[in-house]
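These notes concern the structure reproduced below.
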Amino acid sequence: MKKSILTAFAAFCILMPSTGSSQEIPVVMTEEDSVSPQRPTNDFIRFADAVGHTVVSPVRWNGKDWLKVGGVFAGSALVSLLDKPVRNFWQERDSRAWHVVERAGFHYGKPYAAFIMTGGFYLSGTVFRNEWVRETGMILGAAYLTSGAIQTIMKTVVGRARPGTNVGPWEFKPMSPDAGYHSFPSGHIQIAMVSAMVLAERVESPVLKTLFYSTAGITFVSRMQSDAHWISDLAFGGAISYFCTKAVLKRMDYNKYQNPWKKKASVSWNMVPSYNRVAFIGVF
């Protein structure tokens, strides 16, 4: 199957008395304000907003955020010291059982698995009117798309040799079209980690959380057992998924009941005197 790049969110007017009158002052609201605050924002707006917000996150990062980024690169560099010994270990694991694990992890981390997960959840939630299921589908899609774009660009730009080329972990051909030099970071673990993390974050049961994360573990093992990636490729790919998924989850929660693309109206206040009271009217 061909790989695909995955494609994906109040105003009020009030009257305030300025005297000691006990007469109740009515609340003035616009027609738009009368809409229930529980009405979700349009799904397309939320999805596009979450993707865009996550992609441009670096422009909003502060010193602590960049320190985290540096920590991820430093951590990946340390993990790379294990690349050769870990590869040697998995090359000795050759049996029918390991082949089954390898195949399961391979398919779970493919782009078509991401399409199935996103479409399955979103369409099921829409058809059966289940907000939790539909929301899960949108979060999955946004997280797949953002993390997938990053890893796709990076693996071509970095051009790291895969273990199967037998040229070692420090051979690079930046911008090479050769798939043998698209090792860093791992795309399979990026997809598998998003799936596992989103589902685990959406449930409360520790048992289910463990089950979901174990599916990513299967893909992790699969890519080493098949000699497709170094362990440092997998560590960095998992980190990309973690940060993108966290950003998407936070943004989707923020834009659920408000349109982030709508310019907030400015308020002008007018003083309106009347018999036995003075009212301040806010106009949007």
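Please read these numbers as outputs of a predicted model, since none were measured by experiment.
- Side chains of R134 and T126: a donor-acceptor N/O pair is absent below 3.5 angstrom, by distance only.
- Using a cutoff of 4.0 Å between basic side-chain nitrogens and carboxylate oxygens, K173 and D178 are not scored as salt-bridged.
- Scanning all heavy atoms of the two residues, the minimum distance from P169 to K84 falls at CD-CE, 3.5 Å.
- Across all non-hydrogen atoms, the minimal contact from P163 to D227 is CB-OD1, 3.1 Å.
- Residues R202 and W132 are in side-chain contact: their nearest non-hydrogen atoms beyond the backbone lie under 4.5 Å apart.
- Between F106 and T219, every side-chain heavy-atom pair lies at or beyond the 4.5 Å cut-off.
- Clustering ILVMFWY residues whenever any of their side-chain heavy atoms sit less than 4.5 angstrom apart, transitively, puts I240 in the very cluster that holds W61.
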inquiry  = Could you walk me through whether I139 and E135 satisfy the side chain to side chain contact (heavy atoms under 4.5 Å, CB included) test, starting with their C-alpha distance in whole Å, then the side-chain angles of each, then the deciding distance to 0.1 Å, before giving a yes or no?
reply    = CA-CA 6 Å; I139 295 172; E135 182 93 351; 4.0 Å; yes

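- Between the side chain of W230 and the main chain of A161, a donor-acceptor pair closer than 3.5 Å is present.
- Defined by atom type and a distance below 3.5 Å, a donor-acceptor pair is missing between the side-chain atoms of Y254 and D49.
- Contact annotation: the side chain of L140 never approaches that of Y122 to less than 4.5 Å [non-hydrogen atoms, C-beta and beyond].
- Note: S76 OG to L234 CG = 10.5 Å, rounded to the nearest 0.5 Å.
- A pairwise comparison of heavy atoms in I191 and A114 identifies CG2-CB, 4.0 Å as the closest pair.
- Put simply, the side chain of F172 reaches to within 4.5 Å of the side chain of W170, judged on heavy atoms.
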ask   = V101 and Q225: side chain to side chain contact (heavy atoms under 4.5 Å, CB included), yes or no, with the steps?
value = CA-CA 9 Å; V101 171; Q225 203 278 331; over 6 Å; no

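- Between the side chains of S183 and D233, a donor-acceptor pair is found at a separation under 3.5 Å.
- Taking a 6.0 Å sphere around CZ of R129, one finds it holds 12 or fewer heavy atoms contributed by other residues, nucleotides or ligands.
- In this structure, T152 contributes its side chain and A149 its backbone to no donor-acceptor pair below 3.5 Å.
- In H107, the NE2 atom is crowded: over 12 heavy atoms of neighbouring residues, nucleotides or ligands sit closer than 6.0 Å.
- Hydrophobic clustering of Ile, Leu, Val, Met, Phe, Trp and Tyr side chains at less than 4.5 Å, counting indirect connections, keeps V194 apart from F243.
- For the 3.5 Å distance criterion, the side chains of Y144 and T118 fail to qualify, holding no donor opposite an acceptor.
- Scanning all heavy atoms of the two residues, the minimum distance from G125 to V133 falls at N-CG1, 3.6 Å.
- Annotation: side chain of L199 is not in contact with side chain of V203 (no heavy-atom distance under 4.5 Å).
- Closest of all the heavy-atom pairs between P185 and F236 is CB-CD2, 3.8 Å.
- Side chains of S147 and Q190: a donor-acceptor N/O pair is present below 3.5 angstrom, by distance only.
- Residues R93 and E102 are not paired through a salt bridge, judged by the lack of any N-O separation under 4.0 Å between the basic side chain and the carboxylate.
- Both I189 and V79 belong to a common hydrophobic cluster when Ile, Leu, Val, Met, Phe, Trp and Tyr are linked at side-chain heavy-atom distances under 4.5 angstrom.
- The closest side-chain heavy-atom distance from K110 to H188 is below 4.5 Å.
- Closest approach of W98 to D94, counting heavy atoms only: CD1-N, 4.3 Å.
- Looking only at side-chain heavy atoms (C-beta outward), F121 and N130 stay at 4.5 Å or farther from each other.
- Side-chain contact annotation: R162 with H182, donor-acceptor N/O pair under 3.5 Å absent.
- S186 OG to H229 NE2: the interatomic distance, rounded to the nearest 0.5 Å, is 3.5 Å.
- Checked for salt-bridge contact, E201 and K246 meet the test: a charged N lies under 4.0 Å from a carboxylate O.
- From N62, atom CG reaches atom NZ of K68 across 8.0 Å, with rounding to the nearest 0.5 Å.
- Considering NZ of K256 and CG of D253, their distance stands at 7.5 Å, rounded to 0.5 Å.
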inquiry  = Under the criterion side chain to side chain contact (heavy atoms under 4.5 Å, CB included), I'd like the reasoning laid out for K155 against F184: C-alpha separation, chi angles, the key distance, then a yes or no.
reply    = CA-CA 5 Å; K155 66 169 44 184; F184 181 89; 6.0 Å; no

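- For the residue pair R160/S232, the side-chain donor-acceptor check at 3.5 Å is satisfied.
- Side chains of S214 and L211 form a contact here, defined as non-hydrogen atoms less than 4.5 Å apart.
- Summarising the geometry, atom CE belonging to M138 is positioned 9.0 Å from atom OG1 belonging to T136; distances are rounded to the nearest 0.5 Å.
- Taking hydrophobic clusters as Ile, Leu, Val, Met, Phe, Trp and Tyr residues chained together by side-chain heavy-atom distances below 4.5 Å, I116 does not share a cluster with M193.
- Following chains of ILVMFWY side-chain contacts shorter than 4.5 Å, one cannot reach I218 starting from M197, and the two form parts of different hydrophobic clusters.
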